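What follows is a set of notes on a single structure, which appears directly below.
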Amino acid sequence: MSEHKKHFETEAIRTQSENTQFSEHSVPLYLTSGFVFEDSEEMRASFAEEKQRDLYSRYGNPNVTEFVDKVCKMEGAEAGFAFASGMAAVFSTFATLLDAGDHVVSCSSVFGATHGLFTKYFPKWHIECSYFNVNEVDAVESLIRPNTKFIYAETPTNPGVDVLDLEFLSAICKKHNLLLVIDNCFATPYLQQPIKFGADLVIHSATKLMDGQGRVLGGVTVGNAALIREIYLFSRLTGPSMSPFNAWVLSKSLETLAIRVERHCENALKLATFLEAHPKVKWVKYPFLKSHPKYDIAKKQMKMGGSIVAFEVEGGIEGGKSFFDSIKMCSLSANLGDTRTIVTHPASTTHAKVEASVKAAAGITDGMVRCSLGLEHIDDIIADIAQALG
């Protein structure tokens, strides 16, 4: 008789560290920098990796291990490593994979800090990046060079909520023997598992929906075990590891990820539908709106449309300023994936230091609003957005 395969929600709740001698029901917080050994031989064998156990919390910790194990099961990944923040995960993954002289092909619609790595820091290490527009994916193959290492993308993208076809990108990578690295932060593993569509590595800012309450920072990269091993070795030396406390908080948060994300998505679709009919809104983008240019792809690879709605208010900069200054309930913040609905002006915050041409290519206009739908009642969210639109 075959073993029953547990569902996503069950794995998120029942994947836990082993009990201590106290037989606790909820996993305790392991606030310790180091661990002790019985004798010199155990110490030697442990550091030689002949014995698998925790050595030092920069390398691993029971709370961090539990969090990573949960994400691996959610994503269908072989292994993973957790970081102090989402950008620590992005940088450490890139730094592990890339050598001087390498080249990356990336979608131009990426988070502002990721863009900063590609344009400000990688060039001084002789690493180049070529961008493709989210609406011109047919150009991806023409950008590949002999020294290209991987293709990188977010889907849905930040902040334009554009969608990329993971199977299409994976086919190109396989053809040219490249890695496919995907930022899955906006979707979460509940809505989308890029590894199923051919991704080699998946990155998350756990700060967002994985925490879901705006409390702690965290990042995680999961995927192919051999690649994760290299990322682990780099991170063991450079020290961007996740703290035990943050891992403990995040692991508890993952227990409610599915039920939270479903409500986020329900609220987002209702707001997007409302905005689409509003005379003061020039356009709306949400993956599960039929008007989204990649609606069919979103339906193929996502369970629901996510928590982020992008739209543009009439009146450019002044219209945008008036909208944000008129908000009463929703939060004005650069974060997302919170229980509280957040409205952000990407052009002046998260992407303020991105060049105008790159912003335009990513669809970031002066009047664009990124709305991260929270868990408030949708009627109250719509009422606040409606009065701010005037």
Side-chain angles (χ1 to χ4, degrees), residues 90 94 103-119 128-144 148 150-173 176 178-188 191-192 194 197-199 202-205 208 268 272 282-302 305-312 336 344 346-347 350-351 354-372:
V90 171
F94 290 175
H103 173 251
V104 175
V105 174
S106 170
C107 181
S108 58
S109 301
V110 292
F111 181 50
T114 306
H115 173 72
L117 290 179
F118 284 143
T119 57
E128 295 181 290
C129 176
S130 296
Y131 278 144
F132 64 90
N133 189 291
V134 71
N135 297 315
E136 298 172 354
V137 291
D138 290 339
V140 171
E141 205 161 2
S142 67
L143 299 175
I144 295 171
T148 304
F150 60 81
I151 294 177
Y152 175 78
E154 302 169 1
T155 182
T157 63
N158 183 6
V161 206
D162 290 301
V163 174
L164 289 154
D165 190 330
L166 291 168
E167 285 183 324
F168 175 82
L169 294 177
S170 173
I172 293 174
C173 287
H176 294 274
L178 304 176
L179 298 174
L180 179 59
V181 183
I182 297 295
D183 183 326
N184 197 31
C185 175
F186 268 27
T188 79
L191 301 181
Q192 177 176 272
F197 297 95
V202 177
I203 301 175
H204 287 276
S205 170
K208 311 303 190 295
K282 293 177 74 172
W283 54 260
V284 184
K285 262 191 191 169
Y286 182 68
F288 270 38
L289 274 184
K290 289 184 179 177
S291 58
H292 193 286
K294 301 294 171 58
Y295 171 76
D296 290 338
I297 295 170
K299 292 284 283 188
K300 176 183 74 171
Q301 62 194 31
M302 296 176 70
S307 65
I308 308 296
V309 177
F311 61 98
E312 183 175 7
L336 60 93
T344 305
T350 58
H351 291 69
V354 174
E355 300 90 328
S357 61
V358 177
K359 269 194 274 206
I364 302 170
T365 58
D366 288 337
M368 178 184 176
V369 178
R370 185 188 73 188
C371 184
S372 168

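Model, not experiment: these values are computed from the prediction.
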Search all heavy atoms of [X] against all heavy atoms of [Y] and return the closest pair with its distance.
X	Y	result
Ser130	His103	OG-NE2, 2.7 Å
Phe150	Val104	CE1-CG1, 3.6 Å
Pro287	Ala298	O-CB, 3.6 Å
Ile182	Leu180	CD1-CD1, 3.8 Å
Pro346	Thr344	CD-O, 3.2 Å

What I want to find out is whether Lys294 reaches Asp165 closely enough, with some N-O distance under 4.0 Å, to be called a salt bridge. no
Which residues share a side-chain contact (heavy atoms from CB on, under 4.5 Å) with Cys107, sequence neighbours left out: Ser109, Phe132, Val134, Ala153, Leu164
From [atom1] ([X]) to [atom2] ([Y]), nearest 0.5 Å:
X	Y	atom1	atom2	value
Ile203	Cys185	CD1	SG	10.5 Å
Leu169	Tyr152	CG	OH	13.0 Å
Leu336	Asn158	CG	CG	6.5 Å

Only one of Gln192, Gln301, Lys285 clears side-chain contact (heavy atoms from CB on, under 4.5 Å) with Val163; which? Gln301
What residues form a salt bridge (Lys or Arg N to Asp or Glu O under 4.0 Å) with Glu136, not counting sequence neighbours? none
His292 side-chain N/O to Val161 backbone N/O, donor-acceptor pair under 3.5 Å: yes
Is the shortest heavy-atom distance from the side chain of [X] to the side chain of [Y] under 4.5 Å?
X	Y	answer
Ile297	Phe168	no
Glu154	Phe111	yes
Ser307	Lys208	no
Thr155	Phe197	no

For the residue pair Phe118 and Phe94, does the interplanar ring angle fall in the parallel (under 30°), tilted (30 to 60°) or perpendicular (over 60°) class? parallel
For the residue pair Tyr295 and Phe288, does the interplanar ring angle fall in the parallel (under 30°), tilted (30 to 60°) or perpendicular (over 60°) class? perpendicular
